[in-house]
Amino acid sequence: MNIARLLAMARKEAIQLRRDPGSLVMAFLLPVVLLIFFGYAISFDVKNIEMAVLDESGSARSRALIEAFESSGYFNIVAYPAGYGDVDQLLERGKVRLALIIPPTFDRDLTVGRAPVQILLDGADANTATISQNYATVIINRYSIDVVAEGRRFVLPAEVEGRVWYNETLESRNMIVPGLVAVIMSIIAAMLTALTIAREWERGTMEQLAATPVHRLEVVIGKLIPYVGIGLFDVAIAIVAGIVFFGVPLRGNILLLAVLTLLFLIGALSFGIFISAAVKTQVLATQVALQTTYLPALLLSGFMFSIATMPIFLQAVTYVVPARYFITVTKGIFLKGVGLDVLWAEALAMVIFATVGLTAAIRAFKKELA
């Protein structure tokens with residue numbers, strides 16, 4: 001491998017990139033825009049749940065229960081229906097997610113010792129319904145303890161003292177933003193380099209390239225160099241945006257993150273060159289790159305859905321999705337501050353990914369015009 005030819009190829013690719021406004025936007029602007037957009041748009045936090053209250057008791061104790069829901073910070077009472085028919089309409093039209101029904105005998109039943117209340121949930125959104133039910137159950141249980149303790153000292157025999165590690169405020173953004181860095185770079189990296197070889201064929205410059213003594217190894221690595229620099233720049237900007245805009249903590253070693261990011265980018269960019277060399281047209285290369293990176297990175301990496309809850313055969317497929325390992329790396333370094341002693345398996349997987357991707361790209365690229 002000749003260093004002079006390698007650097008000349010890298011310079012040639014940088015000039016072509018500079019003359020392509022679309023690629024420049026994709027390289028420098030799109031990653032940050034996507035991170036900020038999806039960082040604000042995607043949230044697993046369930047707050048301000050719209051609820052309706054049918055208080056048929058009208059007593060001081062029923063009002064205390066309603067106030068417990070209002071002061072919890074999770075529910076927003078938007079309707080006080082007059083009867084069950086109105087409750088049905090509110091749930092049917094999606095105006096409320098939950099309805100609290102307090103029977104007329106509520107106050108008297110509390111005096112006796114057992115007062116049932118009814119919770120109706122909109123199960124069309126199963127996740128929100130489950131979380132809402134859990135919130136409501138906790139609020140009602142706390143209210144029940146207060147009722148039992150009225151007028152006398154009451155101490156529970158067991159008391160829970162919970163401590164949340166790594167994401168103390170339980171903000172979903174702290175989990176989403178590091179994962180977004182991995183997902184976005186998976187897509188952008190492959191799409192950027194998916195145009196490189198195909199561009200040479202469509203512009204007719206492959207004939208000139210074939211006439212030069214440059215080796216295909218020099219071509220592939222030379223084309224990679226500018227995009228590796230761009231990828232590292234994008235990740236650095238994404239990290240700063242995550243800290244500044246979303247307040248995500250960065251507790252780990254930034255140098256370790258940079259090295260593992262480099263390995264991931266080499267693999268992702270090489271995969272794009274492999275696609276470009278294999279299909280030879282920019283439109284098809286872009287489509288293939290998008291389909292083979294976007295859906296796997298989004299759905300099979302553990303970013304949106306837990307891998308442990310997937311069917312066994314899909315869990316096996318996730319092992320060949322590189323974003324799975326990079327998401328573990330970003331979350332581990334951002335939130336937990338772990339080092340290579342914990343992330344060695346992910347680091348090894350990305351070394352393999354980079355090696356396989358680079359080898360496949362070199363083998364797929366042919367200087368022959370036939």
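Atom set for the values below is all heavy atoms of this structure, side chains included, hydrogens, waters and symmetry mates excluded.
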[X] versus [Y]: any side-chain heavy-atom pair under 4.5 Å?
{"X": "N141", "Y": "I145", "result": "no"}
{"X": "N134", "Y": "V138", "result": "no"}
{"X": "K331", "Y": "I327", "result": "yes"}
{"X": "L100", "Y": "L54", "result": "no"}
{"X": "Y319", "Y": "Y325", "result": "yes"}
{"X": "Y80", "Y": "D55", "result": "no"}
{"X": "L224", "Y": "S270", "result": "yes"}
{"X": "V117", "Y": "P103", "result": "yes"}

- Task: Indicate yes or no: does R251 engage E168 in a salt bridge with an N to O separation below 4.0 Å.
- Result: yes
Is it the case that over 12 heavy atoms from other parts of the model lie below 6.0 angstrom from the [atom1] atom of [X]?
{"X": "K336", "atom1": "NZ", "answer": "no"}
{"X": "Y135", "atom1": "OH", "answer": "yes"}
{"X": "Y143", "atom1": "OH", "answer": "yes"}
{"X": "Y40", "atom1": "OH", "answer": "yes"}
{"X": "F245", "atom1": "CZ", "answer": "no"}

Please check if any side-chain donor atom of [X] sits under 3.5 Å from a side-chain acceptor atom of [Y], or the reverse.
{"X": "N48", "Y": "N76", "answer": "no"}
{"X": "Y84", "Y": "Q118", "answer": "yes"}
{"X": "D107", "Y": "S57", "answer": "no"}

Shared ILVMFWY cluster between [X] and [Y], side chains joined below 4.5 angstrom?
{"X": "L348", "Y": "L262", "value": "no"}
{"X": "I273", "Y": "L6", "value": "yes"}
{"X": "I266", "Y": "L260", "value": "yes"}
{"X": "M51", "Y": "I119", "value": "yes"}
{"X": "L295", "Y": "F305", "value": "yes"}

Looking at every heavy atom in both [X] and [Y], which two are closest together, and how far apart are they?
{"X": "V87", "Y": "A99", "value": "CG1-CB, 3.6 Å"}
{"X": "K47", "Y": "E171", "value": "NZ-OE2, 4.0 Å"}
{"X": "V338", "Y": "L256", "value": "O-CD2, 4.2 Å"}
{"X": "S132", "Y": "F75", "value": "O-CZ, 3.7 Å"}
{"X": "A360", "Y": "F274", "value": "O-CD1, 3.4 Å"}
{"X": "A136", "Y": "L98", "value": "CB-CD1, 4.2 Å"}

Using 0.5 Å steps for rounding, measure from the [atom1] atom of [X] to the [atom2] atom of [Y].
{"X": "M185", "Y": "L34", "atom1": "CE", "atom2": "CG", "answer": "10.5 Å"}
{"X": "L121", "Y": "I49", "atom1": "CG", "atom2": "CD1", "answer": "9.5 Å"}
{"X": "I243", "Y": "F246", "atom1": "CD1", "atom2": "CZ", "answer": "12.0 Å"}
{"X": "I225", "Y": "L269", "atom1": "CD1", "atom2": "CG", "answer": "11.5 Å"}
{"X": "T286", "Y": "Q291", "atom1": "OG1", "atom2": "CD", "answer": "11.5 Å"}
{"X": "I275", "Y": "T196", "atom1": "CD1", "atom2": "OG1", "answer": "10.5 Å"}

- The single option from V181, L250, V244, V177 that satisfies side-chain contact (heavy atoms from CB on, under 4.5 Å) with I239 is L250
- Among L265, V183, T261, V321, find the one that has a side-chain contact (heavy atoms from CB on, under 4.5 Å) with F326. T261
Side chain [X], main chain [Y], donor-acceptor under 3.5 Å:
{"X": "S301", "Y": "R324", "result": "no"}
{"X": "E218", "Y": "H215", "result": "yes"}
{"X": "T105", "Y": "R108", "result": "no"}
{"X": "S72", "Y": "Y74", "result": "yes"}
{"X": "S306", "Y": "G302", "result": "no"}
{"X": "T293", "Y": "A289", "result": "yes"}

- Message: D20 vs L24, test: side-chain contact (heavy atoms from CB on, under 4.5 Å). Steps then yes/no.
- Response: CA-CA 6 Å; D20 186 351; L24 287 176; 5.8 Å; no
- Look at the rings of F233 and F28 and say which category their plane angle falls in: under 30° parallel, 30 to 60° tilted, over 60° perpendicular. perpendicular
- Parallel, tilted or perpendicular for F353 and F264, by the 30°/60° rule? tilted
- Which pairs count as side-chain hydrogen bond (donor to acceptor under 3.5 Å, both in side chains) when at least one residue sits in residues 225-240, sequence neighbours excluded? E13-Y227
- Would you sort out whether L257 and V329 count as a side-chain contact (heavy atoms from CB on, under 4.5 Å), showing the intermediate values? CA-CA 8 Å; L257 179 60; V329 167; 4.3 Å; yes
- Residues in salt bridge (Lys or Arg N to Asp or Glu O under 4.0 Å) contact with D122, at least two apart in sequence or another chain: R97
- Message: Go through it in stages, so that I can follow the logic: the residues are E56 and I102, the test is side-chain contact (heavy atoms from CB on, under 4.5 Å), and I'd like the CA-CA distance, side-chain angles, deciding distance and then a yes or no.
- Response: CA-CA 6 Å; E56 297 182 310; I102 304 176; 6.0 Å; no
- Message: Could you walk me through whether V356 and F271 satisfy the side-chain contact (heavy atoms from CB on, under 4.5 Å) test, starting with their C-alpha distance in whole Å, then the side-chain angles of each, then the deciding distance to 0.1 Å, before giving a yes or no?
- Response: CA-CA 9 Å; V356 171; F271 179 67; over 6 Å; no
